[in-house]
Each structure stands twice: as C-alpha cells, then as structure tokens.
Colleague: 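Sending over a structure as structure tokens; questions will come in a sec.
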Number of protein chains: 2
Amino acid sequence: MVQKQEYLSKNQKIVLDHVEKANQPLKAYSILYNVQKKGLKAPLQVYRALDKLVEIGKIHKIESRNAFVACKNSNCIVSNATAFSICESCEKVTEINNSKLSKYLSNFEDNSGMKYSKYNLEFFGLCKKCKNK
Amino acid sequence: MVQKQEYLSKNQKIVLDHVEKANQPLKAYSILYNVQKKGLKAPLQVYRALDKLVEIGKIHKIESRNAFVACKNSNCIVSNATAFSICESCEKVTEINNSKLSKYLSNFEDNSGMKYSKYNLEFFGLCKKCKNK
DNA sequence: AACGCATTGTTATATTATAACATTATTATT
DNA sequence: AATAATAATGTTATAATATAACAATGCGTT
Ligand SMILES: [Zn+2]
Ligand SMILES: [Zn+2]
Ligand SMILES: [Zn+2]
Ligand SMILES: [Zn+2]
C-alpha cells in the first residue's frame, strides 16, 4: 500500500515558504512572479503546489479574494473548518481561531439531511485601524 | 435629492429573470450565452447587472464556485448574511435559511475589535441523494 | 433646459485557472 | 535489483473569469 505523502516536494516548499513569509493573502500570479528566481516558471507549477498545500491544510484560499494565505492554526486541524475576517477597506485578512465558533459550525445541522464535512466562513467589516479613520 | 434605485433596469431584469428560472447556480458566461437573444452581447453587460443584483441582494455569488444564484429568502433581509450548502458530488447548492445560525453569526464577536457587518458561509458535504449512491 | 447620476454599448485587455502530454522522482512490492 | 504504482515536474497552449476605458443614452430633479 502507498502511504499518504508526509513531506513537501521542492515546489511545494518554495511556494509555502513564500506564502508563509507574507502576512497577508497573496495572489497566485504574484506568487509566481516572486518564485520565478527559484525556478518555477509557469502558472501550473504554482497552482499545483497551491492545490496540494490547500489539500493538506497548510494554505487556505480566501475565496472572495482569490488569494492564498498560510494557515495560522498549528497543525491545521481545521483545514476543513476555516473562518476569516476580512477588512473591506485595507483588505487585511485574519484567520479566526475560536473554538466555540468552530464547534458550533462543525456540529451544525439543518433539516436538509445533509451532513457537512467542511465549511468556509468569511466575515467582512472594518478593522480597528480603518474604523478609526 | 436622487432616490435610491427601487426598480430594475432592462438588463438587470433580463439577468435576474434568467437566474431565477434556474434552480442552480449559473456561471456568468453561461448567463451571457443564454441572454444573447435578448440583446446582451458583452460580458460587461452581464457582470454589471450581476453586480447590482448582488448589491441589492436579489442574487448571491457562490464564491467557491464563481457562480450566481437567485436569493431564496423573500425580501432578502439577509443579503449581507448568507449561508449555503454545497454538495461536492452533484454541485447542488441550497441557500440555508436558519434564524438561529444567522443570529449566531450576526452577533459573533471575537477579540479582534472588529465589528462584522457581513458574512458568507459555505458548507460542503454530500447531499442526501449522493450519500446514498 | 440643465444637471447629476445610473445605465448602456462597445472594444480591448487583464486576471485567474486548467487541459494535455511527455518526463522524472519517489515509494512500495516482487 | 527489477517492477509497478503514485506523485511531482516541465512545458506549451488555451480556457474561464473579470475589469478598464470611453462614448453615449435615459431618467428623475431642479
Ligand atoms: Zn488554518
Ligand atoms: Zn482595515
Ligand atoms: Zn438570500
Ligand atoms: Zn449531491
């Protein structure tokens, strides 16, 4: 039997490194531009690395922004249970780490008969800084 | 003073009509293709109508799918508080109308000092049908 | 009529993402 | 070590999604 991958490949490391160093979401093509000096020449190389990193929870995609951010919750137990706050003025994005919220949402059921295995939540508003302007 | 728009323009009506008749999310270019017989020839005409319709809550964007769906909550009080369930197998999307959930999320606060004015939540899983396959 | 503003029409272009195919690397099994 | 299975890479081209820029029109208000 083939084991699940437990290491990161060269391209995956390069992309993750770059995304982790940023403290804001990055666009795929901005990542591409910045890792070209490291040998990743084509969009697909970045997208493939991102796909894998998202799959294993090291990176999350901010869907409303088409941007990618490194996971801030160690070990990323919550890769299938993500929540973010997004400032609509300065675009600052923060990963929300709130166990009550994640418990509430992970246990959420409605009358649809559907059992949810995953969710993504994005809150919008003005951050402290922008509110006081 | 100019009043806030309370009617829909020609293009907006055409697009909304079309989206309402579908009971699934539609892609912008599929909408375009289907309303070309009604005179909307260019992507921008569709995107502009969609923008406005999203703004006033008649239509919601399913961010993880880049697709648009008509609001199912009458009067759309919740245009800034949206929740959807998405089947990862058949891609069926349902707007969740659950007052406990919306109350919980609308009142959610964390220690970031941010007051959220809007949220979008997407649940993923398998719908009843797909689960029993 | 004159103004302000939303909407429209149009062409071009930017941005985001995937298809297809050949090759190489890694790990597991024999 | 050879084989097979799986994952990752490299590359070119193209698909899908979305916006810029600018001119024109429609409509309610003054
Ligand atoms: Zn995370
Ligand atoms: Zn801000
Ligand atoms: Zn709605
Ligand atoms: Zn289904």
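Naming convention: chains lettered A, B, ... in sequence-line order (proteins, then strands); numbering from 1 in each chain.
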Colleague: Between the base of C/dT16 and the ring of A/Tyr29 - centre-to-centre under 5.5 Å, planes within under 30° - is that a stack?
Modeller: yes

Colleague: Parallel, tilted or perpendicular: which one describes the rings of A/Phe123 and B/Phe108, with boundaries at 30° and 60°?
Modeller: parallel

Colleague: For B/Lys41 and C/dT10, is the shortest distance between a side-chain N/O and OP1 or OP2 below 4.0 Å?
Modeller: yes

Colleague: Does D/dA7 have OP1 or OP2 sitting under 4.0 Å from an N or O in the side chain of A/Ser9?
Modeller: no

Colleague: Just N and O in the side chain of B/Asn66: are any of them under 4.0 Å from OP1 or OP2 of D/dA18?
Modeller: yes

Colleague: A/Gln45 side chain N/O closer than 4.0 Å to the phosphate oxygens (OP1, OP2) of D/dT9?
Modeller: no

Colleague: Check the distance between C/dT15's P and A/Leu32's CG and give it to me in whole angstrom.
Modeller: 13 Å

Colleague: Please tell me if B/Lys61 has a side-chain N or O lying less than 4.0 Å from either OP1 or OP2 of D/dA18.
Modeller: yes

Colleague: Is there a side-chain contact between B/Asn11 and the phosphate of C/dG9, meaning an N or O under 4.0 Å from OP1 or OP2?
Modeller: yes

Colleague: Does a side-chain N or O from B/Lys10 land closer than 4.0 Å to OP1 or OP2 of C/dG9, or not?
Modeller: yes

Colleague: Using heavy atoms to find the nearest nucleotide of DNA chain D for A/Pro43 and A/Ala49 separately, return the residue whose nucleotide is more 5′.
Modeller: A/Ala49

Colleague: So, do A/Tyr47 and C/dT18 meet the stacking rule of ring centres under 5.5 Å and planes under 30°?
Modeller: no

Colleague: Among D/dT9, C/dT10, D/dT17, find the nucleotide with the atom closest to the side chain of A/Gln12.
Modeller: D/dT9

Colleague: Report yes if at least one side-chain N or O of B/Lys27 is closer than 4.0 Å to OP1 or OP2 of D/dT17; otherwise report no.
Modeller: yes

Colleague: Return yes if a side-chain donor-acceptor contact under 3.5 Å exists between B/Asn120 and B/Glu122, otherwise no.
Modeller: yes

Colleague: Anything under 30° is parallel, anything over 60° is perpendicular, the rest tilted; go ahead and classify A/Tyr104 against B/Tyr104.
Modeller: parallel

Colleague: Ignoring hydrogens and angles, state whether a donor on the side chain of A/Asn98 or B/Asp110 is under 3.5 Å from an acceptor on the partner side chain.
Modeller: no

Colleague: Mind calculating the distance between CG (B/Asp51) and P (D/dT17) to the nearest angstrom?
Modeller: 15 Å

